[in-house]
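What follows is a short report on a single structure.
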There are 2 protein chains.
Amino acid sequence: MRKPREEMIAETRAKLIASGRHAFGTVGYAGASMDDFTAAAGLTRGALYHHFGDKTGLLQAVIQQIDAEMTTRLNRISAAAPNRWQGFVDECVAYIEMALEPEIQRIMFRDGPAVLGDVSQWPTSNGCIAALSRSIERLKADGLMVDIDTEAAARLINGASSHAALWIANSQTPEATSRQAVDAFRRLLDGLRARVA
Amino acid sequence: MRKPREEMIAETRAKLIASGRHAFGTVGYAGASMDDFTAAAGLTRGALYHHFGDKTGLLQAVIQQIDAEMTTRLNRISAAAPNRWQGFVDECVAYIEMALEPEIQRIMFRDGPAVLGDVSQWPTSNGCIAALSRSIERLKADGLMVDIDTEAAARLINGASSHAALWIANSQTPEATSRQAVDAFRRLLDGLRARVA
DNA sequence: CCAATTCACATACGCAACGTATGTAGGCAC
DNA sequence: GTGCCTACATACGTTGCGTATGTGAATTGG
């Protein structure tokens, strides 16, 4: 073994993030006992405080990890579409659908903002917003979207998506509600499409 | 004094709600100590547990109160507009602006959803969503809005508004960001306007 | 190759806050 | 006027966070 030290450190960090992520995603941030989920990782709170400072520090690390995963997924989806507009719509719909996953919903859309405040001032700038912004920017450059402020549009869409996801996830009939929400969402996006003269 | 008993009870309930509302709105739900803000109301936690069961029960009561206030404000605004579409837009913009008020933002859009879950399954069905829905329904009936599911539209707009408000409130330059957001929001709504054939 | 140091992590302690179980005083019925 | 019910207060146990301190293993310098 060349660098057992750094490897071990990275491993413990990863274990803490994984265990915390699971706890936050299931019982929520407030309901997650540090003693419990650090023990589940075969460690103690001492390790957590050493690496992340406090509970919110771990939450930030977890969010950063999830955000990175979401960003790559979104990029892949928009790249796979036949044309730019379609890619944009697919990306937005995928965003809603990702927000349906309980872990993402709970950590990224409920506890995250409640504990750390608005996404825009999180230390790790949100990759998903950036991905959306890039797509919008390209669409505007290509004349496919009406003139609208890029970041504002990204944030409005982000907000609409996350709320839609919450609505769907808590619905009695998620499939039907999902169709309802996605349909309306497509209409909303269609309204932003540049009208051909 | 005719009914000192019921009056006193209503008064203590009101005092607890007021004190809790203030604490939740300033230091947040988690940061609000029940001992502290019940004492500030001249009471103890005993009264709170008696009337509201637990901390979340008080939060629900506070939310119900704020929601009622917001609903009347929104109704007044949409009624004051020169025409229906304008009234709708005004209502939406007002919704954003209300979400800028720290107390509303914190309680209704951050801590509320985090603690109680999605608005749609709160015991007290959200009056603001209902108000928005009514406006949308009328617009559709009058042929002023494209065919879109009412509730879905209301929720998407609600989500976009609350996120916009969060963004503005946490901005370094709130006035500029507000213009940015409201402009984009108007564009978004404009996309939902029925095209005259 | 060994000693000193550093660092990753564990242990121990204090404190704050929630929830519950119990106590009490004052109004209402009869 | 007496007894009960209820609105609230008091007292207690538990839990969980944050900090201060301890320890052993890995690294570095000679």
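Here is how names work: the chains are called A, B, and so on, in the same order as the sequence lines, proteins then strands, and each is numbered from 1. Since the structure is predicted, the reported quantities are computational estimates derived from the model, not experimental observations.
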Tell me the interatomic distance from [X], atom [atom1], to [N], atom [atom2], rounded to whole angstroms.
{"X": "Asp35(A)", "N": "dA10(C)", "atom1": "CG", "atom2": "P", "result": "11 Å"}
{"X": "Asp54(B)", "N": "dT15(D)", "atom1": "CG", "atom2": "P", "result": "18 Å"}
{"X": "Ile9(A)", "N": "dT27(D)", "atom1": "CD1", "atom2": "C1'", "result": "11 Å"}
{"X": "Tyr49(B)", "N": "dG13(D)", "atom1": "OH", "atom2": "P", "result": "17 Å"}
{"X": "Leu48(B)", "N": "dG19(C)", "atom1": "CG", "atom2": "P", "result": "9 Å"}
{"X": "Met34(B)", "N": "dA9(D)", "atom1": "CE", "atom2": "C1'", "result": "14 Å"}
{"X": "Arg13(A)", "N": "dA8(C)", "atom1": "CZ", "atom2": "P", "result": "11 Å"}
{"X": "Met8(B)", "N": "dT6(D)", "atom1": "CE", "atom2": "C1'", "result": "14 Å"}

- prompt: Does Arg187(A) reach the main-chain N or O of Asp147(B) with its side chain, forming a donor-acceptor pair under 3.5 Å?
  reply: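 Yes, the answer is positive, given that a donor and an acceptor are paired below the 3.5 Å cut-off.
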From the set [options], return the single nucleotide nearest to any side-chain atom of [X].
{"X": "Ala47(A)", "options": "dA9(D), dA10(C), dG19(C)", "answer": "dA10(C)"}
{"X": "Ser33(A)", "options": "dG16(D), dC18(C), dC8(D)", "answer": "dG16(D)"}
{"X": "His51(A)", "options": "dT11(C), dA8(C), dG19(C)", "answer": "dA8(C)"}

field: Exercise: do Asp35(B) and Ser33(B) side chains pair donor with acceptor under 3.5 Å
entry: no
field: Minimum-distance pair of heavy atoms, taken over all atoms of Phe24(A) and Asp111(A)
entry: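 Closest heavy-atom pair between Phe24(A) and Asp111(A): O-OD2, 4.3 Å.
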message: Looking at dC8(D), I'd like to know if its phosphate oxygens (OP1 or OP2) sit under 4.0 Å from a side-chain N or O belonging to His50(B).
response: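 False: His50(B) side-chain N/O out of range (4.0 Å or more) of dC8(D) OP1/OP2.
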task: Would you tell me if any nitrogen or oxygen in the side chain of Thr12(B) comes within less than 4.0 Å of OP1 or OP2 on dC8(D)?
output: yes
message: Using a distance-only criterion (donor-acceptor N/O pair, under 3.5 Å, no hydrogens), is the base of dG16(D) paired with the side chain of Arg45(A)?
response: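 Looking at the base of dG16(D), it does not pair with any donor or acceptor on the side chain of Arg45(A) (distance under 3.5 Å).
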5' priority, DNA chain D, between Gly46(B) and Ala30(A) [closest heavy atom]: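 Nearer the 5' end of the strand: Gly46(B).
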task: Output, in order, the C-alpha distance, side-chain angles, deciding distance and verdict of side chain to side chain contact (heavy atoms under 4.5 Å, CB included) for Gln60(A) and Phe52(A).
output: CA-CA 9 Å; Gln60(A) 286 180 28; Phe52(A) 301 101; over 6 Å; no
task: For Ala32(A), answer base if it contacts any base atom (sugar-phosphate contacts may also be present), sugar-phosphate if it contacts only those atoms, and nothing otherwise; contact means non-hydrogen atoms under 4.0 Å.
output: sugar-phosphate
message: Please check if the number of heavy atoms outside His22(B) that lie under 6.0 Å from its NE2 is greater than 12.
response: no
